There are 2 protein chains.
Amino acid sequence: MLSFAEENYLKAIYHLSEGGSEPVSTNSLADNLETKAASVTDMIKKLAQKQVIDYKKYYGVNLSDSGKSVALQIIRKHRLWEVFLVNNLEFKWDEVHEVAEQLEHIKSPLLIQRLDKFLGFPKYDPHGDPIPDENGKLTTKPRTELALAKKGQQGVIVAVNDSNSAFLKYLDKIGARIGTPVEVIDKVEFDGSLEIKLGEKVIFVSKEVSTNILISE
Amino acid sequence: MLSFAEENYLKAIYHLSEGGSEPVSTNSLADNLETKAASVTDMIKKLAQKQVIDYKKYYGVNLSDSGKSVALQIIRKHRLWEVFLVNNLEFKWDEVHEVAEQLEHIKSPLLIQRLDKFLGFPKYDPHGDPIPDENGKLTTKPRTELALAKKGQQGVIVAVNDSNSAFLKYLDKIGARIGTPVEVIDKVEFDGSLEIKLGEKVIFVSKEVSTNILISE
DNA sequence: ATATTTTTTTAGATGTACCTAAACATTACT
DNA sequence: AGTAATGTTTAGGTACATCTAAAAAAATAT
C-alpha cells in the first residue's frame, strides 16, 4: 500500500515524463512537488526499492509498468471526482483541482467503480483531459495547441493545458469553454499573439494563452 | 490544521464520552483506536497543547468546546458521505463505514456544503444516526433500545447502535431495516432474549442484538 | 493499611517525509 | 582541457505518530 506522498510522486513522474516515456530529473520533480531535491532523492530511492520506478543515480527516474499503472489509477480517480464536482455539486472548473487532489487518494476500488457508473462512464474531465479506464487505458483524440494553428484554421476547444484557477477564470471571462468553436483570424508576428473568433466574438489572445488551449476539428 | 490522526482521536473521544460529557480514559482510547496506551498519552499531550482537549494526568481527557466542534464536523462529514454512498452509489449499509472513514478527512467546507445540498439536507445517515448541521447542532429524536422495551410495546426501528458489518448483514437477513415496525411479543427471563414481531414475521432475537436496535413510537 | 493489580506515564527507539549544508557528478564555458 | 556553474546525492537533523520496556500513580484486594 502506497502513502499519499508516494502516490503524489508517481503522479508527478507520470505527468513530467509525458506519460512515462522520458526520464524525469530530480530537480524537475522537486519543483513540481514544491519540495527540495534532497527530499526527492530520499523518496525515489524508496520508490525504486518498491519497484514502481527505475532509478539510476544521476540519470533521473522512469516509471516501471506497475508504477505507471498506479499513476494512471490515481489520475483516473482525480478526473472522475472532478466530473462529479462539476456535474453534480455545482463546482466551477477552476474550483475542482484542490479538492480532487485530496479525493484521488481515497482507497476503494468499489467506490471508483460505482462513481464511474453514477457519472455515466465519462470519457473526459471538465478540462477536457481523458479519463483512463479501469485498465489504465487512455482514449486520446488528436488535438493541437491553438498556438500552432494556421491563419484561417477552424476548430473546437476540446481541452486546456493548464488547470490554474486564474487561467480558467480568464477563459470563462472571454467565453472560452470546452466545445466553443474557434477560428484563427490572424497571427501577430511580433509577439505570437492571435486574433481569433471565439463563438461569435473576435478577440486577441496572448501566445501564452493560446499555448494552453487545445483544439480539434 | 489537524492531521488525520488527530481528527481520529477527537472523534473517538467524542464517541467514548457520549457526546463530550464524561472524561475518557487512556486505555479506552487505546482500545478504540487500536493503538497502545503510551501512544495515546503522547497524542493527548499534543492535543491538550492545541487546546482541543482538557487533560490532567491520570484523570482522563475531555473535549474542549473547540475540540467538540471539530469532532462534530468530522461526524457530519462521515454521515453525509454515508448517505451519498447508499443513496447514490448503491452501497449497502454494511459497506459504507470504511470508505466514509477516509472521506471524512477531506478538507473543503464548500464540498460538504454542496454535498449536503445535493443530498437534500438529510437529517439521518443510513444507520439512523443524526447528522450534525453546519453549526454542529444535533437533532436527536427520543429513541429506546429494543432490549429495554416492555412486553407488548410497539414501535419502529429508527437506528442501530453498532455499524459492524456482520451485525448489519444479520439485520438484512431477518428483514430489520430503518423504518421496520416492531412489537415485543415476549421477553425471555433466562437470557434476556426477545420474541418480536418484525414487519410480518415473528422471530427471536438475542439480548445482544436487541441492545443494538433503537426504536421509537 | 499494606500488598497486589491495573492504569497511566516516561524514557528511549523506529520509520516516514521532510529539511539544510556539504560533498560529489555532470554539463557548460571559455 | 581545465574551470565554473549546475544538478544530484550524502550526511546529519527535525517533527510526527507510532512502538516496547520500565517507572510511577491509582485502584483493588486481602
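Reminder, nothing fancy here: chain letters follow the sequence lines and each chain counts from 1. Since we're looking at a predicted model, the values are computed, not measured.
The side chain of N27(A) contributes an N or O atom lying less than 4.0 Å from OP1 or OP2 of dT8(D). Between dT10(D) and K45(A), a contact under 4.0 Å exists linking OP1 or OP2 to a side-chain N or O. For T26(B) and dT9(C), the shortest distance from a side-chain N or O to OP1 or OP2 is below 4.0 Å.
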Acceptor/donor pairs from residues 33-44 of chain A side chains to any protein atom, 3.5 angstrom cut, sequence neighbours excluded:
{"unit_1": "T41(A)", "atom_1": "OG1", "unit_2": "A37(A)", "atom_2": "O", "d": "3.2"}

What donor-acceptor contacts under 3.5 angstrom involve side-chain atoms of residues 135-142 of chain A, with partners at least two apart or in another chain?
none

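When the C1' atom of dT16(C) is taken as reference, atom CG of L2(A) falls 13 Å away, rounded to whole Å. Atom CG in D42(B) sits roughly 13 Å away from atom C1' in dA15(D) (whole-Å rounding). Atom OH of Y9(B) is separated from atom C1' of dC16(D) by 12 Å (rounded to the nearest Å). Taking atom CZ on F4(A) and atom P on dC16(D), their separation rounds to 18 Å, with Å as the unit.
Counting only N and O atoms by type, the side chains of S28(A) and S25(A) include a donor and acceptor under 3.5 Å apart.
For D186(A), the salt bridge (Lys or Arg N to Asp or Glu O under 4.0 Å) partners two or more places apart in sequence, or in a different chain, are K151(A). Judged as a salt bridge (Lys or Arg N to Asp or Glu O under 4.0 Å), and not counting sequence neighbours, D129(B) has no contacts. For the side chain to side chain contact (heavy atoms under 4.5 Å, CB included) test, residues two or more places apart in sequence or in another chain that qualify with K117(B) are E90(A), F121(B).
Residues in residues 26-65 of chain A take part in no ring pair (Phe, Tyr, Trp, His ring centres under 6.0 Å) pair, two or more places apart or across chains. For residues 103-115 of chain B, every residue pair satisfying the side-chain hydrogen bond (donor to acceptor under 3.5 Å, both in side chains) rule, not counting sequence neighbours, is listed here: E7(B)-H105(B), E7(B)-K107(B), N8(B)-H105(B), K11(B)-E104(B), H78(B)-E104(B).
Nearest approach of D54(A) to L63(A), heavy atoms of both residues: OD2-O, 4.4 Å.
Within residues 47-60 of chain A, the residues approaching DNA chain D are Y55(A), K57(A), Y58(A), by heavy-atom distance under 4.0 Å. Heavy-atom distances under 4.0 Å link DNA chain D to A37(A), A38(A) of residues 28-39 of chain A, given in residue order.
Note on T41(B): a base of the nucleic acid sits closer than 4.0 angstrom, heavy atoms only.
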